[in-house]
Protein chains: 2
Amino acid sequence: MAAPDALAQRLADSGLRSTPQREVIYDVILRKRDHPTADEVYARVRADMPSISLATVYNCLETLVQCDLVRAVNFERAPTRYCPNLHPHAHFHDEQSGSIHDIQLPAELLEKISSVLPAGYDAKSVQITFRGSASSPRLESAERRGKAQPAA
Amino acid sequence: MAAPDALAQRLADSGLRSTPQREVIYDVILRKRDHPTADEVYARVRADMPSISLATVYNCLETLVQCDLVRAVNFERAPTRYCPNLHPHAHFHDEQSGSIHDIQLPAELLEKISSVLPAGYDAKSVQITFRGSASSPRLESAERRGKAQPAA
DNA sequence: GCAACAAATTGGAATGGTTCTAAGTAGCAA
DNA sequence: TTGCTACTTAGAACCATTCCAATTTGTTGC
């Protein structure tokens, strides 16, 4: 047996199998880091695997989230989007274009944020979302190529 | 014409009328500040106004949000909740009980958070949500009585 | 007061992202 | 091979929310 890749390893850790569907979905999310919805993932995956079902896309995305390989992010009640960036970061939602941008957060700031919680409050996670308009073509094109982003 | 209350004034500012439905819905949200869903508001309002329709509850809540009298908050894809606290604040979502708590944010921290945005990003709003477990009966009972909260 | 107009409410149908269900398929273990 | 379990699949179901068309209500000018 060859050394399993990160996906197979993580799945195995949870007693799950690496399937062609899970692999191609994970690959799609890593390849274009534009926070696609389940429908968008479905459309992209069908290019490689036309027989896949939408239910499977939802199932696999849920599995990847469970295994901490992908993060689900929500904006208001819009369709859930998926993000392979596992570092703590905020999201910027550009209302004009609808695009999502990762925003890096200094560790020092994360500590300060957590410290506002009164005694008795134990937070497992924090979610920070900006809404507004972004106008930085340089950064956007870098993201489209899958390169380093303003926040990783 | 008597001096209009805050609700009537705000509605008038937007060219809207103060209706019995809008008044009772606003009152329900002010009275028990536990971030009710539209369905919960519907249930509470029907005690006073049995003939109101769910569509009207949704319409009125939307109107109150438009007039900046109430804020809509979302947690994952759960039903939208409504909050009369208009000061900048974060939310703590207690996963055990499902309850929502307002968390006050120092102005200094809000500035720091906004300053993490790279050039070209112009944020109109920030939303900060904690998830975890809270265990502070003193604070919870204070909230239930509609008194000062850990964050106002 | 009364017509005429605009705003608001209503019940029910429609929408749409997501989840459920039951049946089929595939891989692993004795 | 047989059995077992995990996984995938199509389609139905779910449910918060929005839409629609028909009233009802309120307001304004006469």
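Letters A, B, ... are given to chains in the order of the sequence lines, protein chains preceding strands, and every chain is numbered from 1. Excluded from the calculations below are hydrogen atoms, water molecules and symmetry mates; all remaining heavy atoms, backbone and side chain alike, are included.
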Between B:Glu23 and B:Ser18, do the side chains contain a donor N or O and an acceptor N or O under 3.5 Å apart? yes
Need one value for A:Thr80: base, sugar-phosphate or nothing, where a base atom within 4.0 Å counts as base even if backbone is also close, heavy atoms only. sugar-phosphate
Would you mind reading off the distance between B:Glu62 atom CD and C:dA7 atom C1', rounded to a whole angstrom? 16 Å
Please check the phosphate of C:dT10 (OP1 and OP2 only) for any side-chain N or O of B:Gln21 closer than 4.0 Å. yes
In whole angstroms, how far is the P atom of C:dT19 from the CD atom of A:Gln66? 11 Å
Quick test of your reading of the model: are A:Arg81 and A:Asp39 salt-bridged, counting only N-O distances below 4.0 Å? no
Rounded to the Å, how far apart are B:Leu11 CG and D:dG26 C1'? 14 Å
State whether a side-chain donor-acceptor pair under 3.5 Å links B:Asp5 with B:Gln9. no
Using ring centroids (six-membered ring only for Trp), state whether B:His91 and B:His89 fall under 6.0 Å. yes
Sorted by number, residues from residues 45-54 of chain B placing a heavy atom under 4.0 Å from DNA chain C are B:Ser51, B:Ile52, B:Ser53
Which nucleotide in the list C:dT9, D:dG11, D:dC7 gets nearest to the side chain of B:Cys60? C:dT9
Rounded to the nearest 0.5 Å, how far does SG of B:Cys67 lie from CG of B:Leu16? 5.0 Å
For B:Tyr58 and D:dT17, is the shortest distance between a side-chain N/O and OP1 or OP2 below 4.0 Å? yes
OP1, OP2 of C:dT9 versus side-chain N and O of B:Thr19: anything below 4.0 Å? yes
Can you tell me if B:Arg77 touches the phosphate of D:dA16, counting only side-chain N or O atoms and a distance under 4.0 Å to OP1 or OP2? no
Nearest whole Å is fine: how far is D:dA16 P from B:Leu61 CG? 14 Å
For the student: nearest non-hydrogen atoms of B:Gln96 and B:Ser133, plus distance: OE1-CB, 3.5 Å
Answer with base, sugar-phosphate or nothing: what part of the nucleic acid does A:Thr56 contact at a heavy-atom distance below 4.0 Å? base
Round to a whole Å and report the spacing from CD of B:Glu23 to P of D:dG26. 11 Å
Could you check whether A:His35 and A:Asp102, counting side-chain N and O atoms only, form a donor-acceptor pair closer than 3.5 Å? yes
With a 3.5 Å cut-off and no angle check, do the side chains of B:Gln127 and B:Ser125 form a donor-acceptor pair? no
Can you confirm whether or not the ring centre of B:Tyr121 sits under 6.0 Å from the ring centre of A:His101? yes
Which residue, A:Asp39 or B:Arg22, contacts DNA chain C at a nucleotide closer to its 5' end, judged by nearest heavy atom? B:Arg22
Whole angstroms only, please: what is the CZ-P distance between A:Arg81 and C:dG17? 11 Å
Verify same cluster id: A:Val65, A:Leu30 (apolar side-chain graph, 4.5 Å): yes
To the nearest 10 degrees, what angle separates the axes at the start and end of the helix from C:dG1-D:dC30 to C:dA30-D:dT1, five pairs each? 20°
Closer than 3.5 angstrom, by distance alone: can the side chain of A:Arg71 be matched with the main-chain N or O of A:Leu86 as a donor-acceptor pair? yes
Rounded to the Å, how far apart are A:Tyr42 OH and C:dG16 P? 17 Å
Going 5' to 3' through nucleotides 25-30 of chain C and flagging B where a protein heavy-atom sits under 4.0 Å of the base, S where only the sugar-phosphate is that close, and - otherwise, we get ------
Should B:Val116 and B:Leu105 be regarded as members of a common hydrophobic cluster, given that ILVMFWY residues are connected when their side-chain heavy atoms come within less than 4.5 Å of each other, either directly or indirectly? yes
From C-beta outward on A:Asn59, which listed nucleotide comes closest to its side chain: D:dC7, D:dT8, C:dT18? D:dT8
